[in-house]
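Treat the numbers as computed from the prediction; the structure is a model and nothing was measured. These values consider heavy atoms only, across backbone and side chains, with no hydrogens, waters or symmetry-generated copies.
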Amino acid sequence: MKKISLLLIPLAVMIVGFAVWGPEALAQYRDKSILNQVHTREAETGSEGYRYSLSPNEKLYILSKCLSSRTLPESEQNAMARPDSAGRDYQELMGTYAFVANRKDSSGQEVLAGVGIELCNKGIEELKALGILPQGVLKLVASSYSAVQYSAIDVPEPRNNVLVWKISLSTAKQNANKKNRLLDAYVDADTGKIYEFYVRTEINSWSEVDPDNIIRLWAEYMGLDEPVEYTNTNPLAETTPYFKKYSFAGMEANSTVVTVGFYEGIKELFLKISQ
């Protein structure tokens, strides 16, 4: 019995020692397997996660409401009917919709104008291939155009937002040749689709324009529902007598009105979603 007791003493010492120093030793071993090493894990990051998905009709409606809540330069013909807008910054809030310029993207990088110009050029080629724009419309040259990225936001529901590029022919050269050139456009920053455009053409008269065909092709190109002719038209709301309006389903039983028109004197064709 005395011999067995003597054997139990070392065992007891080992158990007490493990209880005291064991956890610390295990923690150090675990730390060595984690610290100073790179471990990877897949995670949802980037700009995709925080943006709410909208249908083409919803995006069109939100952008239309944002543009309609302010006065934006559209063409020289329209400029004759309003004060000079050169140098103004169109970022102020109006009602429940905001149109805010983005100087940086979601990652904090500066927004590059060349990206918007390239997207617009691709959109122009698509519209020409579909027959919406005349074949003579020229490719955009970056040095002659400005491109600013904006967020069109439904303020009460900020997840409802549309990211667009506003493309404009530079006004630095007052007497620049505008024949067959795009003057203004709004381009979807995600899809490259052109929502609105003003372009000088070689078309001589409104009789050469087929607005029904243009709006049908444009609706298919944008992925919109079928357009419906809009009959509740106020002719005094336009600065040209040559136009036709159409209605598209919007949001919450509201609709979006889209206008196809033409300034005959300066041969300018336009499609606009702003009122």
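When each of Leu119, Ile132, Leu140 is checked for a side chain to side chain contact (heavy atoms under 4.5 Å, CB included) with Ile124, only Leu140 meets the rule.
With Glu196 contributing its side chain and Ser274 its backbone, the two residues share a donor-acceptor pair below 3.5 Å. Of the possible polar contacts, one joining the Asn57 side chain to the Ala249 backbone as a donor-acceptor pair under 3.5 Å is found. No donor-acceptor distance shorter than 3.5 angstrom exists from the side chain of Ser168 to the backbone of Ser146, with no hydrogens or angles considered.
No path of Ile, Leu, Val, Met, Phe, Trp and Tyr side chains, each step under 4.5 Å between heavy atoms, connects Ile214 with Val257, placing them in separate hydrophobic clusters. A single hydrophobic cluster is seen to contain both Leu133 and Tyr221, as judged by linkage of ILVMFWY side chains at heavy-atom distances under 4.5 Å, directly or through other members. Note on Val148: it clusters hydrophobically with Trp165, by side-chain heavy-atom contacts below 4.5 Å among ILVMFWY residues. Cluster annotation: Leu130 is connected to Ile215 through the hydrophobic network of ILVMFWY side chains, with a link wherever side-chain heavy atoms come within less than 4.5 Å. Val258 and Leu54 end up in the same hydrophobic cluster when Ile, Leu, Val, Met, Phe, Trp and Tyr side chains are linked at under 4.5 Å.
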Does the side chain to side chain contact (heavy atoms under 4.5 Å, CB included) test come out yes or no for Tyr97 and Asp154, once each step is laid out? CA-CA 5 Å; Tyr97 293 91; Asp154 179 358; 4.1 Å; yes

Decide yes or no on salt bridge (Lys or Arg N to Asp or Glu O under 4.0 Å) for Glu268 and Arg200, but give the supporting numbers first. CA-CA 4 Å; Glu268 184 173 315; Arg200 294 292 174 86; 2.9 Å; yes

Could you check Glu126 against Lys122 for salt bridge (Lys or Arg N to Asp or Glu O under 4.0 Å), going step by step and ending with a plain yes or no? CA-CA 6 Å; Glu126 287 186 74; Lys122 290 180 180 178; over 6 Å; no

What's the verdict on side chain to side chain contact (heavy atoms under 4.5 Å, CB included) for Lys178 and Leu183, showing C-alpha distance, side-chain angles and the deciding distance? CA-CA 8 Å; Lys178 297 180 177 63; Leu183 299 186; 3.9 Å; yes

Please test Tyr186 against Ile273 for side chain to side chain contact (heavy atoms under 4.5 Å, CB included), starting from the C-alpha separation and ending with a verdict. CA-CA 10 Å; Tyr186 285 98; Ile273 64 174; over 6 Å; no

For Lys244 and Asp212, run salt bridge (Lys or Arg N to Asp or Glu O under 4.0 Å): C-alpha distance rounded to whole Å, both residues' side-chain angles, the deciding distance at 0.1 Å, then the answer. CA-CA 8 Å; Lys244 193 168 184 179; Asp212 292 340; 3.0 Å; yes

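Around NZ of Lys128, the count of heavy atoms belonging to other residues, nucleotides or ligands within 6.0 Å exceeds 12. Counting non-hydrogen atoms of other residues, nucleotides and ligands closer than 6.0 Å to OH of Tyr242 gives a total of 12 or fewer. Heavy-atom contacts from other residues, nucleotides or ligands closer than 6.0 Å to CD of Glu220 number more than 12.
Here the OH atom belonging to Tyr61 is positioned 9.5 Å from the OG atom belonging to Ser68, to the nearest 0.5 angstrom. Atom-to-atom distance recorded for Glu118:CD and Leu112:CG is 11.0 Å, nearest 0.5 angstrom. Distance OG/Ser55 to CE/Met251: 7.5 Å, rounded to 0.5 Å. The structure places OG1 of Thr191 at 5.0 Å from NZ of Lys59, a figure rounded to the nearest 0.5 Å. In this structure, NZ in Lys267 is found 10.0 Å from CD1 in Ile203, a value given to the nearest 0.5 Å. Cys120 SG to Leu127 CG: the interatomic distance, rounded to the nearest 0.5 Å, is 9.0 Å.
Scanning both residues, Leu60 and Tyr195, for their nearest heavy atoms gives CD1-CD2, 3.9 Å. Across all non-hydrogen atoms, the minimal contact from Ala113 to Ala147 is O-CB, 3.5 Å. Across every non-hydrogen atom of Gly192 and Val187, the tightest pair is O-CG1, 3.5 Å. Closest approach of Ile117 and Ala142 over heavy atoms only: CG2-CA, 4.3 Å. Taking all atoms of both residues into account, the shortest heavy-atom contact from Cys66 to Ser69 is O-OG, 2.8 Å. Contact between Gln149 and Ala189 at its shortest, heavy atoms only, is NE2-CB, 4.3 Å.
Taking the six-membered ring where the residue is Trp, Tyr150 and Phe99 present parallel rings, their angle staying beneath 30° rather than reaching 60°.
A donor atom on one side chain and an acceptor atom on the other are found under 3.5 Å apart for Thr259 and Lys245. Between the side chains of Asn161 and Ser151, not a single donor N or O lies within less than 3.5 Å of an accepting N or O.
With sequence neighbours left out, Leu138 forms a side-chain contact (heavy atoms from CB on, under 4.5 Å) with Asn180, Arg181.
Put simply, the side chain of Trp206 does not reach to within 4.5 Å of the side chain of Pro241, judged on heavy atoms. The closest side-chain heavy-atom distance from Trp218 to Ile194 is not below 4.5 Å.
Proximity of the aromatic rings of Tyr263 and Phe270 is defined here by a centroid distance below 6.0 angstrom, and this criterion is met.
Under a 4.0 Å N-O distance rule, the pair Glu238/Lys272 qualifies as a salt bridge. Between Lys179 and Glu202 a salt bridge is recorded (basic side-chain N to carboxylate O distance below 4.0 Å).
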